[in-house]
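Below is one structure, written out as structure tokens; the observations come after it.
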Amino acid sequence: MYKSHTKDPVAKYIVNNSLRLNDVQKSLINETMKLSYAVMLGSADSLQLLANMCKMIRAKKTLDIGMFTGYSALTIAQVLPPDGRVVTCDVSNQHEALAREHWRRAGVESRIDFRVGPAVNSLRRLLSDNAGEAGSYDFAFIDADKEGYADYYELCLRLVRPGGFIAFDNVLWGGAVLNEADQSSSTTALRQICQKLHADERVDVSILNSGDGVALAFVK
Ligand SMILES: C[S@@+](CC[C@H](N)C(=O)[O-])C[C@H]1O[C@@H](n2cnc3c(N)ncnc32)[C@H](O)[C@@H]1O
């Protein structure tokens, strides 16, 4: 019932034996699946892992780049302490009402700060002199336009503290990254971000075959 990007029976087995969703998460998934762009919904199993990792590092301040219907923001907000914060960014506020309804039902609306507009601008604003939030975030989830991933990475590297981590969704892109004939801008950008992370001494790196592929950069 819940979205997994793969028909792989091993992946299905993993989801069937590990996914835990509360009623609010189930409702938001069901409502999102009715939308024409439902394919953009983050994988519930990947987000559960990221939420568990946030719990493990006792994350308090997090970034969510690409809000859509608010599922990733909801899932992370739920594991933060009451004074925790998710700054979620989206170029569109089309699904804000649906997101807010579910954040409210989960009792986490006060932890979520939605910034509408291009994410690069929202992140730059967090770094500006007045806000001055460099090095104060524990975690960032990058899941907006793929062509923007390299810029989001550099900005998140300035915002996330050493010991925190940055996750990039969709890095396997349904396997398209393996097809060299596919030179589309999104596929190329996803290949490039993985190559960049692999060579980047500022972070430790892992790529997981979870959902549509998740790359993790652990900030040194
Ligand atoms: C894959 S969806 C995000 C899914 C969401 N994280 C979830 O868990 O369901 C990508 C979102 O990025 C947004 N987006 C695209 N380009 C953007 C940009 N330049 N700045 C901010 N958001 C952008 C889209 O409007 C869309 O809602």
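Since we're looking at a predicted model, the values are computed, not measured. Residue numbers run from 1 in the order of the sequence given. Remember, it's 1-based here, ligands and their atoms both numbered in the order they're listed.
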- Identify the protein heavy atom lying closest to atom 1 (C) of ligand 1, giving its residue, its atom name and the separation to 0.1 Å. Met40 O, 3.1 Å
- Message: Regarding Asp145 and Tyr152, do their side chains bring together a donor and an acceptor under 3.5 Å, going by distance alone?
- Response: yes
- Sub-3.5 Å N/O-N/O distance, Lys146 and ligand 1: no
- How far apart are the C-alpha atoms of Leu98 and Phe68, what are their side-chain angles, what is the distance that settles it, and do they pass the side-chain contact (heavy atoms from CB on, under 4.5 Å) test? CA-CA 10 Å; Leu98 179 63; Phe68 188 38; over 6 Å; no
- Task: Could you find the nearest protein heavy atom to atom 27 (O) of ligand 1 and give me its residue, atom name and distance?
- Result: Asp90 OD2, 2.6 Å
- Task: Please could you name the atoms of ligand 1 that Phe68 approaches to less than 4.0 Å, counting only its heavy atoms?
- Result: 2 (S), 3 (C), 4 (C), 5 (C), 9 (O), 27 (O)
- Message: If the condition is side-chain hydrogen bond (donor to acceptor under 3.5 Å, both in side chains), which residues does Lys196 pass it with, not counting sequence neighbours?
- Response: Glu154
- Apart from Tyr13 itself, residues in the same hydrophobic cluster as defined by side-chain heavy atoms under 4.5 Å: none
- Query: What do you reckon, does Ser92 have a nitrogen or oxygen under 3.5 Å from a nitrogen or oxygen of ligand 1?
  - Reply: no
- Message: Between ligand 1 and Met67, is the shortest N or O to N or O distance under 3.5 Å?
- Response: no
- Is a side-chain donor-acceptor pair under 3.5 Å present for Gln48 with Ser18? no
- closest protein heavy atom to atom 17 (C) of ligand 1 is Asp145 OD1, 3.3 Å
- Does a donor on one side chain sit under 3.5 Å from an acceptor on the other, for Ser92 and Asp90? no
- Query: What atoms of ligand 1 come within less than 4.0 Å of a heavy atom belonging to Pro118?
  - Reply: 20 (N)
- Ranking Asp143, Ile76, Leu74, Thr75 by closest non-hydrogen atom to atom 2 (S) of ligand 1, top hit is Asp143
- Counting each atom of ligand 1 from 1 as listed, which ones have a heavy atom of Gly66 under 4.0 Å away? 3 (C), 4 (C), 5 (C), 6 (N), 11 (C), 12 (O)
- Item | Minimum-distance protein heavy atom relative to atom 20 (N) of ligand 1 | Ala119 N, 2.9 Å
- Item | Close N or O approach (Tyr152, ligand 1; < 3.5 Å) | yes
- Could you tell me which atoms of ligand 1, counted from 1 in the order shown, lie closer than 4.0 angstrom to a heavy atom of Gly42? 7 (C), 8 (O), 9 (O)
- Task: Indicate yes or no for a side-chain donor-acceptor contact from Lys146 to the backbone of Ala144 under 3.5 Å, with no hydrogens or angles considered.
- Result: yes
- Query: Starting from atom 22 (N) of ligand 1, which protein heavy atom do you reach first, and at what distance in Å?
  - Reply: Val91 N, 3.1 Å
- Message: Between ligand 1 and Ala73, can you find any atom pair, the residue atom being a heavy atom, that is separated by under 4.0 Å?
- Response: no
- Item | Backbone N/O of Ala106 and side chain of Gln78: donor-acceptor pair under 3.5 Å | no
- Item | Any Thr69 heavy atom less than 4.0 Å from ligand 1 | no
- Task: Report, in ascending order of atom number, the atoms of ligand 1 lying under 4.0 Å from any heavy atom of Leu41.
- Result: 9 (O)
- Which ligand 1 atoms are under 4.0 Å away from a heavy-atom of Ser72? 5 (C), 6 (N), 7 (C), 8 (O)
- Look only at the side chain of Asp138 and the backbone of Lys61, and say whether a donor-acceptor pair between them is shorter than 3.5 Å. yes
- Message: Would the distance check show the side chain of Lys60 and the main-chain N or O of Leu80 forming a donor-acceptor pair, the cut-off being under 3.5 Å?
- Response: no
- Distance-only side-chain donor-acceptor flag, Thr187 / Ser184, under 3.5 Å: yes
